[in-house]
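Position 1 is the first residue of the sequence; numbering continues from there.
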Amino acid sequence: MVTTTFVLFLLMCGSWNTVYSEEEQSHHLVKMTLVPNAKAQGAVCLDGSLPAYHLDRGFGAGARNWLLQFEGGGWCNDVKSCLERATTRRGSTLYMNKLEVFSGILSNNASLNPDFYNWNKVKIRYCDGASFAGDSMYYNETTKIYFRGQRIWHAIILDLLPKGLNLANKALLSGCSAGGLATFFHCDNFTRTLPKTATVKCLSDAGFFLDIRDVSLNHTARVFYENLVNLQGIGKYLDKNCTSSRYYPHQCFFPQYSLAYITTPYFILNSVYDVYQFHHHLVPPSTDLHGHWNHCKIRPSLCTPNQINILQGFRSQMLRALTFFYEFSKRGGLYLNSCFAHCQSESQDTWFAPNSPRVNNKTIAEAVGDWYFGRNVTKDVDCPYPCDNTCHNLLS
């Protein structure tokens with residue numbers, strides 16, 4: 001998905017070629033590493049294959065700094081969808097690319113990723129279907145499906161510790177989409193794993209999924225995640241402070257309820273018109289059988305005034321959910337832009353490029369770097385659509 005978006009952007013904006021060379025645009029390919037001892041720990045993908053990650057070694061001043069990135073890719077919340085997923089790259093390392101493009105926040109080029117280019121960078125492949133949050137399995141006479149996201153996470157950390165993670169000076173746990181959601185579940189655990197002297201922070205990109213009603217006033221997202229929590233045995237791993245509070249326990253799968261209990265410094269990067277949530281949670285296909293939203297979903301300028309009002313309502317709900325964090329978190333960072341996009345840290349064109357999206361004249365890379373290194377307080381909130389002319393609206 002990241003590569004496709006990047007290619008489409010190059011086709012749309014030929015001027016980019018005049019700034020970066022062809023070699024720079026091709027980015028850096030990093031080979032896959034299977035976790036050899038994972039099976040003994042029961043840490044396997046949906047189909048029972050070994051979990052994997054891609055490690056690009058740091059160098060120079062960044063040799064003892066680490067950036068871990070959870071891969072995204074949706075979820076499966078019933079046996080049928082998980083069985084289907086187990087025969088794809090989202091549920092089995094057997095079907096994954098053995099080489100992965102590292103771009104954006106994972107780039108090793110100082111001109112494309114000025115703050116993190118020389119760090120050790122790890123892309124954790126996603127194959128459990130539940131944001132690395134569950135630990136159970138389903139089986140009958142003919143079928144086995146393994147829901148072992150928690151074990152996969154721990155097995156990968158155990159494999160990385162003797163490779164230098166145990167000596168980290170600085171570390172950042174990040175993720176995109178379902179991987180961004182995973183950072184909320186594992187942020188504090190990651191901090192506890194590393195040396196007490198290490199500076200550890202977390203970043204969620206497009207992982208702030210809202211507990212909202214859809215346009216038919218149904219709780220589509222909440223029901224979906226409740227089924228996911230039950231199927232994959234996630235409930236016992238959700239934050240205990242959150243689950244013992246006034247919410248239904250499964251609501252603690254939503255970051256808006258669990259964020260207040262995370263003690264590690266946190267940065268939230270999100271579009272206030274997040275395309276995934278717009279298409280699947282706010283206006284899921286089941287609520288639009290006659291396709292009234294089809295044109296709006298393809299191009300914001302084709303939305304009717306009423307549809308724009310609904311989208312502005314979604315933006316308002318996201319801002320309300322983050323009000324406490326915005327006003328009172330002294331160590332937190334925030335970058336909410338008004339682009340119709342989903343995941344902006346892994347694509348070079350949206351992370352750091354001459355015409356990248358900007359809020360308060362700041363790119364995403366600059367905002368994250370300023371926050372991580374304490375150069376500036378970074379809580380940037382964009383004006384409502386259609387005021388931002390720097391956006392890359394990637395609705396497809």
Side-chain angles (χ1 to χ4, degrees), residues 1 5 8-9 12 72 74-75 77 176-178 180-181 204-227 247-248 251 253-257 268-326 334-344 350 357-360 364 379-396:
M1 178 179 173
T5 300
L8 286 173
F9 175 67
M12 293 187 289
W75 310 267
N77 73 338
C176 152
S177 190
L181 182 58
S204 168
D205 176 7
F208 198 78
F209 294 94
L210 290 175
D211 182 16
I212 57 166
R213 292 181 185 269
D214 63 32
V215 291
S216 295
L217 302 181
N218 295 314
H219 280 291
T220 296
R222 185 186 296 182
V223 171
F224 181 92
Y225 291 132
E226 181 179 7
N227 291 336
Y247 309 113
Y248 295 114
Q251 284 182 271
F253 196 81
F254 289 96
Q256 69 197 80
Y257 305 119
I268 295 174
L269 162 63
N270 235 91
S271 163
V272 293
Y273 308 107
D274 182 86
V275 169
Y276 184 91
Q277 296 190 65
F278 170 18
H279 290 192
H280 297 276
H281 294 169
L282 182 63
V283 193
S286 61
T287 66
D288 189 31
L289 299 178
H290 299 290
H292 296 303
W293 282 82
N294 287 354
H295 294 300
C296 181
K297 284 185 174 182
I298 293 170
R299 189 180 303 168
S301 61
L302 298 178
C303 298
T304 67
N306 182 56
Q307 289 169 337
I308 290 294
N309 285 338
I310 291 171
L311 289 167
Q312 303 298 19
F314 177 81
R315 174 183 182 271
S316 295
Q317 289 185 79
M318 183 169 289
L319 295 181
R320 280 197 299 272
L322 285 164
T323 297
F324 185 87
F325 181 79
Y326 179 85
L334 194 64
Y335 193 96
L336 301 179
N337 62 18
S338 294
C339 308
F340 284 79
H342 182 68
C343 289
Q344 300 177 86
T350 49
R358 282 169 166 75
V359 179
N360 297 328
I364 294 169
K379 288 182 179 175
D380 296 306
V381 178
D382 210 351
C383 50
Y385 173 84
C387 73
D388 189 342
N389 59 12
T390 70
C391 277
H392 298 180
N393 292 322
L394 307 171
L395 279 87
S396 58

Next item on the list: Before giving the answer on ring pair (Phe, Tyr, Trp, His ring centres under 6.0 Å), spell out for Y276 and H281 the whole-Å C-alpha distance, their side-chain angles and the decisive distance to 0.1 Å.
Entry: CA-CA 8 Å; Y276 184 91; H281 294 169; 5.6 Å; yes
Next item on the list: Begin with the C-alpha distance, continue with both residues' side-chain angles, and end with the deciding distance and a verdict on side-chain hydrogen bond (donor to acceptor under 3.5 Å, both in side chains) for T220 and N218.
Entry: CA-CA 6 Å; T220 296; N218 295 314; 5.4 Å; no
Checklist line | Worked verdict on L322 versus V381 for side-chain contact (heavy atoms from CB on, under 4.5 Å) | finding: CA-CA 11 Å; L322 285 164; V381 178; over 6 Å; no
Next item on the list: Just do the side-chain contact (heavy atoms from CB on, under 4.5 Å) check on Q256 and Q251 with the steps written out, would you?
Entry: CA-CA 9 Å; Q256 69 197 80; Q251 284 182 271; over 6 Å; no
Note to self: I'd like to know whether N77 forms a side-chain contact (heavy atoms from CB on, under 4.5 Å) with Y225, so could you lay out the CA-CA distance, the side-chain angles of the two residues, the decisive distance to 0.1 Å, and finally the verdict.
What the structure shows: CA-CA 7 Å; N77 73 338; Y225 291 132; over 6 Å; no
Check: When you look at S316 and L319, which way does the side-chain contact (heavy atoms from CB on, under 4.5 Å) test go after all the steps?
Finding: CA-CA 5 Å; S316 295; L319 295 181; 5.7 Å; no
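Inter-residue side-chain proximity for L311 and L282 is flagged as met; some heavy-atom pair is nearer than 4.5 Å. Residues I310 and C303 form no side-chain contact, since every pair of their non-hydrogen atoms from C-beta on lies 4.5 Å or further apart. Put simply, the side chain of L336 does not reach to within 4.5 Å of the side chain of D382, judged on heavy atoms. A heavy-atom distance below 4.5 Å is not found between the side chains of H342 and S271. The side-chain heavy atoms of C391 and D388, taken from C-beta on, include a pair separated by under 4.5 Å. Looking only at side-chain heavy atoms (C-beta outward), V359 and Y335 come within less than 4.5 Å of each other. Side-chain contact check for E226 versus H219: every heavy-atom pair is 4.5 Å or farther apart. By the 4.5 Å heavy-atom criterion applied to side chains, Y385 and Y273 are counted as neighbours.
Note that NE2 of H279 and CD1 of I298 are 8.5 Å apart. Values are rounded to the nearest 0.5 Å. Atom CG of residue D274 and atom SG of residue C339 lie 11.5 Å apart, to the nearest 0.5 angstrom. Rounding to the nearest 0.5 Å places CZ of R299 at 13.5 Å from CG of N294. One distance of note links CZ of R320 with CZ of R315; it measures 11.0 Å at 0.5 Å rounding. The structure places OG1 of T304 at 5.0 Å from CG of N306, a figure rounded to the nearest 0.5 Å.
Between L302 and H295, the shortest heavy-atom contact is CB-O, 3.8 Å. When all heavy atoms of G74 and A178 are compared, the pair lying nearest together is O-CB, 3.7 Å. Of all non-hydrogen atoms in N337 and Q344, the two that sit nearest each other are ND2-OE1, 2.9 Å. What you find for L210 and F254 is that their closest heavy atoms are O-CE2, 3.3 Å. Listed here is the closest heavy atom pair of S177 and G72: CB-CA, 4.5 Å. Of all heavy-atom pairs spanning N270 and G207, the tightest one is OD1-N, 3.4 Å.
In terms of modelled atom types and a separation under 3.5 Å, the side chain of K379 and the main chain of Y326 share a donor-acceptor contact. With hydrogens and angles ignored, the 3.5 Å screen pairs no side-chain donor or acceptor of K297 with any backbone N or O of V275. Under the 3.5 Å distance criterion, the side-chain polar atoms of Q312 are left unmatched by any main-chain donor or acceptor of Q307. Proximity of a side-chain donor or acceptor of T390 to a complementary backbone N or O of R358 within less than 3.5 Å is detected.
With sequence neighbours excluded, the residues that form a side-chain contact (heavy atoms from CB on, under 4.5 Å) with H292 are D288, H290. For S338, there are no side-chain hydrogen bond (donor to acceptor under 3.5 Å, both in side chains) partners two or more places apart in sequence or in a different chain.
In this structure, W75 has its ring center closer than 6.0 angstrom to the ring center of F209. A ring-centre distance under 6.0 Å is not found for F314 and F278.
Aromatic ring orientation, Y257 versus Y247: tilted (interplanar angle from 30° to 60°).
The salt bridge (charged side-chain N to carboxylate O under 4.0 Å, His left out) pairs that include a residue from residues 207-219 are D211-R222, where partners are two or more places apart or lie in different chains.
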